[in-house]
Protein chains: 2
Amino acid sequence: MKLEEEIKQKEFKSEYNKAVVNLHFTQSYLITFQARLFKPHGVSPEQYNVLRILRGHHPEPITVSSIQERMLNKMSNASRLVEKLKQKGLAERKECPSDRRQVDITITSKGLDLLGQLDEEIKNFNHSIIKLDESEVKQLNDLLDKLRG
Amino acid sequence: MKLEEEIKQKEFKSEYNKAVVNLHFTQSYLITFQARLFKPHGVSPEQYNVLRILRGHHPEPITVSSIQERMLNKMSNASRLVEKLKQKGLAERKECPSDRRQVDITITSKGLDLLGQLDEEIKNFNHSIIKLDESEVKQLNDLLDKLRG
DNA sequence: AGACATTATATGTATATACATACATTTGGG
DNA sequence: CCCAAATGTATGTATATACATATAATGTCT
């Protein structure tokens, strides 16, 4: 549905103005459905994202600052998210021997199991939530990559 | 820059998977810069959005639930945002005479002044933050509108 | 009119973001 | 080697989101 109808706004001052609002609105649409998907599994979308980053490095550990770099929200707070995952038994924290300021984080087997369960579900979700065909999605990704310069 | 480089991920399982991540990442990119733009003026991005909704109806008042419908995050909390705006003298609250459950909200002249100051700044911001030409932005908006079905 | 559902708003709680700041450890210059 | 700067992590505070629930006012059915 056109954004103008969704938020009951007659028109936008420019396509650029509409695009900024459209990106916020579409992301909100996605995250609402994602949160509902993750909720029965006891993790939030950002916690899931950190788990995926951990799995990407498994069995090597990864430091908190490296997690931060790979997160979608750069200014967020990796250490608090790791703490949440640890409380749920999905991740482990260990002091880094070579630099005692750093903390090595690894995903646990429980964490890997959870991701394994979610993989198929997420794949189906991604296809069903995005009502575009293969070439359109590709086009969208290219435009977003270009948008950020 | 390609999303893969920005979040140091080698590849995505599908374009659909990438698109979901790309939308989150791009929105985060936008909101970070927007927040910095608004900060000197003492309002957050969502507070600004509510102010724009109020101006769109001025001089008519608008109820809290109508604000909610027009907000980007449908599940958010219009009444708390209105409270913040009231504390800053940017909006007023009045009991609706025809239905005492409802609350009529109007933007104050101070609120209109603030938006007036911001208008030009936002317009320039929207153009500079989106590094696409006119036809590409149009294409992006069409894809986003179609994506949500 | 009385009982009950519905609607409009407000509030409580958990999570996350954004930013400032604190603290310990490491690094590097003198 | 010692002190200052830089780095890695944690924490404090304000804001916002997501959802459940509370409360008052209104509408509806009999």
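Cluster annotation: A:I31 is not connected to A:F38 through the hydrophobic network of ILVMFWY side chains, with a link wherever side-chain heavy atoms come within less than 4.5 Å.
Side-chain proximity of B:Q102 to the nucleotides C:dT9, D:dT15, D:dG8 is greatest for C:dT9.
With DNA chain D read from its 5' end, the first of the two nearest nucleotides for A:D104 and A:A35 is the one closest to A:D104. Checking B:V64 against A:P97, the closest nucleotide of DNA chain C that is more toward the 5' end is the one next to B:V64. Comparing B:S65 and A:S98 along DNA chain C, the residue whose closest nucleotide (by nearest heavy atom) sits nearer the 5' end is B:S65.
We find that NZ of B:K88 is positioned 13 Å from P of D:dA14, with the value rounded to whole Å. Between the OH atom of B:Y48 and the C1' atom of D:dT15 there is a distance of 19 Å, given to the nearest Å. Note: CG (A:N77) to P (C:dC19) measures 12 Å, nearest angstrom. A straight line from NZ of A:K39 to P of D:dA18 spans 11 Å, rounded to a whole angstrom. Look at CD on A:E95: it is 14 Å from P on C:dA24, rounded to the nearest Å. Spacing between atom NE2 of B:H24 and atom P of D:dT17 amounts to 15 Å, rounded to whole angstrom units. Between B:M71 atom CE and C:dT9 atom P there is a gap of 13 Å when expressed in whole angstrom units. In this structure, A:Q68 places its CD atom 11 Å from P of D:dG8, rounding to the nearest Å.
The base of C:dT7 is not paired with the side chain of B:D99 by any donor and acceptor separated by under 3.5 Å. The base of C:dT25 lies outside donor-acceptor range of the side chain of A:R100, with no N or O pair under 3.5 Å. In this model, no side-chain donor or acceptor of A:R101 finds a partner on the base of D:dT9 within 3.5 Å. One can find a donor-acceptor pair under 3.5 Å joining the base of C:dG12 and the side-chain atoms of B:R80.
Within the 4.0 angstrom heavy-atom criterion, no nucleotide atom of any strand lies near B:E83. Nucleic acid contact for B:S79: base, since at least one base atom lies under 4.0 Å from a heavy atom of the residue.
Side-chain N/O atoms of A:Q117 and A:E121 include no donor and acceptor closer than 3.5 Å.
In terms of phosphate contacts, B:T32 brings no side-chain nitrogen or oxygen within less than 4.0 Å of OP1 or OP2 of C:dT17. Contact annotation: A:R93 does not reach the phosphate of D:dG8 (side-chain N/O to OP1 or OP2, under 4.0 Å).
Taking the six-membered ring for Trp, A:F25 and A:Y29 have ring centres at least 6.0 Å apart.
For the pair A:E11 and A:K18, the salt-bridge criterion is not met [side-chain N within less than 4.0 Å of a carboxylate O]. The pair A:E4-A:K10 does not count as a salt bridge, with every side-chain nitrogen at least 4.0 angstrom from each carboxylate oxygen.
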